[in-house]
S.K.: 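Below you will find the structure I want to go over with you.
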Amino acid sequence: MLIPVKNRYDHTNLNELTIICRRGEEVVFSGRVKEDIPPHTSGALSLECAEPGEGEALCLQFYNDSRLVAGRGYVGRFPL
C-alpha cells in the first residue's frame, strides 16, 4: 500500500522514524520508515498491509528513537 506524505519537519528525515499502523486495535504494520524523505519534501510510504476497506481507517503513528510520538495521521476510505 502506498501512502503519499509530506515531511513537515525542519531537521528530521522520515527514515529516522518508526511507524506503527493500526486498523482499530489491531497492529497491521510496524517498522522503521525505509523511504528517504528529507525535511520539507514529499514522497510515498510503502507499507506491507492491506488497504482499508470501505468505511475503514488506518491510524499511522510515527515515533522517534525515544519512543515519543512524533506524529499521527489517518488513511481511510469513506463514501462521499
S.K.: Distance-only, no hydrogens or angles: does the Asn7 side chain make a donor-acceptor pair with backbone N or O of Pro38 under 3.5 Å?
M.R.: yes

S.K.: Are any non-hydrogen side-chain atoms of Val33 and Thr18 less than 4.5 angstrom apart?
M.R.: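 Side chain of Val33 against side chain of Thr18, heavy atoms only: no contact under 4.5 Å found.
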
S.K.: Under the 3.5 angstrom rule, does the side chain of Arg8 hit a backbone N or O of Pro39 as a donor-acceptor pair?
M.R.: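 Flag not set: sc Arg8 to bb Pro39 has no pair under 3.5 Å.
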
S.K.: Identify the heavy atoms of Glu48 and Lys34 that sit nearest to each other, and give their distance.
M.R.: OE2-NZ, 3.9 Å

S.K.: Let me confirm one number: the CG-OG distance from Leu14 to Ser42, rounded to the nearest 0.5 Å.
M.R.: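 Between Leu14 CG and Ser42 OG, I get 10.0 Å after rounding to 0.5 Å.
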
S.K.: Nearest heavy-atom pair of Arg23 and Glu56: which atoms, and what distance?
M.R.: NE-OE1, 3.5 Å

S.K.: If every non-hydrogen atom of Leu17 is compared with every non-hydrogen atom of Asn64, which pair is closest and at what distance?
M.R.: CD2-CA, 3.9 Å

S.K.: Quick check for you: to the nearest 0.5 Å, what is the distance between Phe29 atom CZ and Arg22 atom CZ?
M.R.: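 Here the interatomic distance stands at 13.0 Å.
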
S.K.: Could you work out, with salt bridge (charged side-chain N to carboxylate O under 4.0 Å, His left out) as the rule, every residue matching Asp10, not counting sequence neighbours?
M.R.: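 Scan of Asp10 (salt bridge (charged side-chain N to carboxylate O under 4.0 Å, His left out), adjacent residues dropped) gives none.
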
S.K.: Is a side-chain N or O of Glu35 found less than 3.5 angstrom from the main chain of Ser46, in a donor-acceptor match?
M.R.: yes

S.K.: Looking only at heavy atoms, which two atoms of Glu16 and His11 are closest? And how far apart?
M.R.: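 Looking at all heavy atoms of both residues, the shortest contact is OE2-O, 4.3 Å.
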
S.K.: Out of curiosity, Cys49 SG to Met1 CE, how far, rounded to the nearest 0.5 Å?
M.R.: 5.0 Å

S.K.: Taking all non-hydrogen atoms of both residues into account, name the closest pair between Ala50 and Leu58 and its distance.
M.R.: O-CD1, 4.1 Å

S.K.: What closest approach, in Å, do Ser30 and Ile20 show between heavy atoms, and which atom pair accounts for it?
M.R.: OG-CG1, 3.8 Å

S.K.: Return the CG to CG distance between Leu2 and Leu45, rounded to the nearest 0.5 Å.
M.R.: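 Those atoms lie 9.0 Å apart.
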
S.K.: Any side-chain donor-acceptor pair under 3.5 Å between Asn13 and Asp36?
M.R.: yes

